[in-house]
Amino acid sequence: MPENLFVGLDGCKAGWVMVSWSGDSDATPRANIIDDIATALDSNASHIGVDMPIGFPSGKARSCEALARRYIGPRRSSVFPVPCRDAVMTDDYRDACEINARILGTKFSKQAFMLFPKMREVDAAIEPQTQSRMFEVHPEVAFCALNDGRPLHHAKKTSDGAALRRTLLTAGGFPLARLQHPQWKKSQAADDDILDACACCWSARRIATGDHLTFPAIPEFDARGLRMEINA
């Protein structure tokens, strides 16, 4: 398996935006929309960064969210507390909230509930050994790292926020100007989905070189033996 192909995955309405990159600043990254996470796992990527939880809490909340929220400051709302596995496997919002309140003592937002299908997809595709290739990342944590640990004060969907994130990716060595992808409708994937997938890909390369941040530094494990951590 080649050691110079990195993949970033960000969920979108049509499935997943997958950005592939060799890691060289003069290379040509490519973005595509894929239907399922298995397509990325079947690729020859050595490191895959996915913006979706890996591992679910059972007795107490995952600490990685609290640490990541503290790190990104004003963008903290983009990192939501991950529900327990029993809640994520439940199709009804109210029932899922009741289960989570009973196990973790809290409910969760409708926004988090809408991500349940993708959380289930990742959970079904990954095993502890898969985490040697696939890592949980978060775009806003990556952008904060790209900004030398300084929180971003513009949201990603604003013009200033998008411009700043493009600048940070380029300055961080990701050749955004060379990014190629087929034309698709914004109803399939928004512009910020593409930038987020690029940030996930940048994080995957950082993990490969060992220059990344990990929250927490010593990982926690869920009932399936999956590491619960956020990398950037």
A side-chain contact here means heavy atoms from C-beta on lying under 4.5 Å apart; do [X] and [Y] qualify?
{"X": "Pro53", "Y": "Glu65", "answer": "no"}
{"X": "Trp202", "Y": "Leu176", "answer": "no"}
{"X": "Thr106", "Y": "Pro81", "answer": "no"}
{"X": "Pro182", "Y": "Asn32", "answer": "yes"}
{"X": "Leu179", "Y": "Ile194", "answer": "yes"}

Is there a continuous path of hydrophobic side-chain contacts, each under 4.5 Å between heavy atoms, that joins [X] to [Y]?
{"X": "Phe56", "Y": "Ile99", "answer": "no"}
{"X": "Val137", "Y": "Leu115", "answer": "no"}
{"X": "Leu164", "Y": "Ile72", "answer": "no"}
{"X": "Val122", "Y": "Ile34", "answer": "yes"}
{"X": "Met134", "Y": "Val141", "answer": "no"}

So how far is it from [X] [atom1] to [Y] [atom2], rounded to the nearest 0.5 Å?
{"X": "Cys200", "Y": "Trp21", "atom1": "SG", "atom2": "CH2", "value": "13.0 Å"}
{"X": "Thr158", "Y": "Leu152", "atom1": "OG1", "atom2": "CG", "value": "9.5 Å"}
{"X": "Ile48", "Y": "Leu9", "atom1": "CD1", "atom2": "CG", "value": "6.5 Å"}
{"X": "Asp196", "Y": "Asp192", "atom1": "CG", "atom2": "CG", "value": "6.0 Å"}
{"X": "Cys144", "Y": "Arg150", "atom1": "SG", "atom2": "CZ", "value": "9.0 Å"}
{"X": "Gln129", "Y": "Leu226", "atom1": "CD", "atom2": "CG", "value": "9.5 Å"}

Work out which heavy atom in [X] is nearest to a heavy atom in [Y]; give both atom names and the distance.
{"X": "Tyr71", "Y": "Ala145", "answer": "OH-CA, 3.4 Å"}
{"X": "Pro175", "Y": "Ser25", "answer": "CB-O, 3.2 Å"}
{"X": "Ala197", "Y": "Val19", "answer": "CB-CG2, 3.6 Å"}
{"X": "Phe116", "Y": "Thr90", "answer": "CD2-O, 3.9 Å"}
{"X": "Pro151", "Y": "His153", "answer": "O-CD2, 3.6 Å"}
{"X": "Ala189", "Y": "Ile33", "answer": "CB-CD1, 3.9 Å"}

So, [X] side chain and [Y] main chain: donor-acceptor pair closer than 3.5 Å or not?
{"X": "Asn231", "Y": "Glu136", "value": "yes"}
{"X": "Asn100", "Y": "Cys97", "value": "no"}
{"X": "Arg30", "Y": "Gln180", "value": "no"}
{"X": "Asp24", "Y": "Ala27", "value": "no"}
{"X": "Arg62", "Y": "Gly55", "value": "yes"}
{"X": "Arg133", "Y": "Ala45", "value": "yes"}

Lys/Arg-Asp/Glu bridge criterion (N-O < 4.0 Å) met for [X], [Y]:
{"X": "Asp191", "Y": "Arg166", "answer": "no"}
{"X": "Glu140", "Y": "Arg69", "answer": "no"}
{"X": "Glu127", "Y": "Arg224", "answer": "yes"}

Task: Parallel, tilted or perpendicular: rings of Phe108 and Phe113 (30°, 60°) - done: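 Rings of Phe113 and Phe108: parallel, as their planes differ by under 30°.
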Open item on the list: Does the plane of the ring in Phe135 sit parallel, tilted or perpendicular to the ring in His47? Use 30° and 60° as the thresholds.
Closed with: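 Parallel: the ring planes of Phe135 and His47 meet at under 30°.
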Open item on the list: Pair Ser20, Phe6 - check side-chain contact (heavy atoms from CB on, under 4.5 Å), show working.
Closed with: CA-CA 6 Å; Ser20 304; Phe6 309 104; over 6 Å; no
Task: Residues Lys118, Trp16; criterion side-chain contact (heavy atoms from CB on, under 4.5 Å); working and verdict - done: CA-CA 9 Å; Lys118 281 188 166 54; Trp16 301 86; 3.8 Å; yes
TODO: Kindly indicate, with the supporting measurements, whether the criterion side-chain contact (heavy atoms from CB on, under 4.5 Å) is fulfilled by Asp26 and Arg178.
DONE: CA-CA 8 Å; Asp26 58 351; Arg178 293 190 178 90; 4.3 Å; yes
TODO: Let me see the working for Met228 and Val82 under side-chain contact (heavy atoms from CB on, under 4.5 Å), right down to the final yes or no.
DONE: CA-CA 10 Å; Met228 297 185 291; Val82 173; over 6 Å; no
Open item on the list: When you compare the side chains of Thr39 and Asp36, does any donor N or O come within less than 3.5 Å of an acceptor on the partner?
Closed with: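 Yes, a side-chain donor-acceptor pair sits under 3.5 Å.
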